[in-house]
Amino acid sequence: MFAAHAANNSALADSFTAAVFSTLCWALVDQLMPAVGRVPMVGASGAVMAIVVLYVLYYPRREVLLFFVLPIETWLLLVIYLGYQGLMLIQELRISEGAQAGAGVAFASHLGGALYGYLYKTFDLRYSRWMQHRHRPRLRVVSPEIRERDRATTLPTPTTRSANMSGPRPSSAAFFPEEQLDARLDEVLAKIAREGRTGLTDEENHILQEASRRARDRRSDRV
């Protein structure tokens with residue numbers, strides 16, 4: 001439940017960013033249009049286009065049925081579609097006074113969403129990754145006296161050392177801060193979507209278990 005909640009929040013933020021970027025692209029092109037040729041924009045087709053481009057970048061050789069009949073690979077279908085959108089946008093920019101533009105379609109928003117999908121994949125613009133870097137713990141200066149005192153109080157005795165060696169070793173995921181665990185969890189969920197649960201390593205399984213444990217702790221604290 002915690003894993004699904006974190007993934008949904010990250011996907012919602014990324015989709016919202018794609019919608020904002022495509023809207024800004026449309027607004028920029030709209031200022032270059034003649035007053036009578038401007039096209040209003042309604043909906044989130046730019047964000048949808050970003051998701052489509054991102055899917056094609058991950059799975060360029062997947063086949064779909066064009067008109068439910070003709071099999072065609074996704075990368076070729078995307079090239080044809082974006083080419084058509086570009087030609088229609090050029091036609092809009094060259095439109096004369098008093099003519100009707102583009103049948104009321106915001107082509108600039110679609111192309112802006114496609115551009116954002118490419119940038120998102122190329123530069124890894126995930127919201128969870130950005131939040132991880134933003135909340136990264138800062139370095140602090142510790143005096144040598146305090147460091148030696150803490151080290152002396154935490155040195156294991158022979159009894160505790162043997163107990164630790166005989167007991168189960170904790171997973172490294174248990175020591176992740178909340179932001180780092182969320183970012184690693186997003187990567188594991190994406191891998192599950194691509195390859196399935198059987199392709200996970202021991203560390204990735206530990207990340208899922210640790211995220212589930214923390215979610216249970218939060219629920220028990222609320223109760």
Side-chain angles (χ1 to χ4, degrees), residues 3-33 37-95 100-132 182-197 199:
H5 180 69
N8 288 338
N9 286 342
S10 178
L12 181 62
D14 293 336
S15 300
F16 178 76
T17 306
V20 172
F21 184 88
S22 61
T23 302
L24 291 177
C25 291
W26 163 83
L28 178 62
V29 174
D30 187 66
Q31 295 303 312
L32 303 177
M33 298 287 295
R38 292 182 177 177
V39 178
M41 192 190 78
V42 179
S45 55
V48 174
M49 195 63 212
I51 296 174
V52 171
V53 170
L54 192 61
Y55 176 85
V56 173
L57 290 176
Y58 276 108
Y59 307 104
R61 297 294 181 179
R62 291 283 177 90
E63 286 191 352
V64 296
L65 294 179
L66 183 62
F67 304 121
F68 303 99
V69 176
L70 180 64
I72 184 174
E73 292 186 350
T74 54
W75 71 268
L76 181 56
L77 183 61
L78 180 65
V79 169
I80 295 174
Y81 181 80
L82 292 181
Y84 169 76
Q85 297 285 305
L87 290 176
M88 295 303 297
L89 179 61
I90 294 174
Q91 181 179 349
E92 280 189 350
L93 294 175
R94 293 179 177 178
I95 196 167
Q100 182 66 26
V105 179
F107 299 106
S109 176
H110 298 169
L111 294 175
L115 175 61
Y116 181 82
Y118 172 78
L119 296 176
Y120 182 93
K121 173 65 166 61
T122 304
F123 300 103
D124 194 6
L125 302 180
R126 289 175 298 160
Y127 172 79
S128 58
R129 180 173 176 268
W130 179 78
M131 290 299 294
Q132 175 185 354
D182 290 345
R184 295 296 305 276
L185 182 61
D186 288 342
E187 297 175 357
V188 174
L189 293 176
K191 184 175 180 180
I192 293 176
R194 294 193 308 266
E195 306 175 8
R197 184 71 181 268

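Residue-environment remark: OH (Tyr55) exceeds the threshold of 12 foreign heavy atoms within 6.0 Å.
Contact of the Ile80 side chain with the Ile72 side chain is registered, since non-hydrogen atoms from C-beta on lie closer than 4.5 Å. Taking the side chain as every heavy atom from C-beta outward, Val79 and Glu73 never approach each other to under 4.5 Å. Looking at His110 and Trp26, their side chains never come closer than 4.5 Å, going by heavy atoms from C-beta outward.
Here the shortest heavy-atom pairing between Asp14 and Leu125 reads OD1-O, 4.0 Å. Considering every non-hydrogen atom in both Gly117 and Val53, the closest pair reads C-CG1, 4.2 Å. Shown here for Thr74 and Pro60, the closest heavy-atom pair between the two residues is OG1-O, 3.0 Å. Of all the heavy atoms in Cys25 and Gly112, the pair that sits closest is SG-CA, 3.7 Å. Taking every heavy atom of both residues into account, Thr17 and Tyr116 meet most closely at CG2-OH, 3.2 Å. In plain terms, the two heavy atoms of Leu57 and Lys121 that are nearest each other are CD1-CB, 3.6 Å.
In this structure, Gln85 CD and Leu111 CG are separated by 6.0 Å, a value rounded to the nearest 0.5 Å. Once rounded to the nearest 0.5 Å, the distance linking CG of Leu54 with CE of Met49 reads 11.5 Å. Between atom CE of residue Met88 and atom CD of residue Gln91 there is a gap of 4.5 Å, rounded to the nearest 0.5 Å. Interatomic distance, CG of Leu119 versus CG of Asp124, reported as 12.5 Å (0.5 Å rounding). Distance CG/Leu82 to CG/Leu115: 10.5 Å, rounded to 0.5 Å.
Using modelled atom types, no side-chain atom of Ser15 and backbone atom of Ala47 make a donor-acceptor pair closer than 3.5 Å.
In this structure, Phe107 and Tyr84 have perpendicular ring planes: the angle between them is above 60°, well past the 30° mark.
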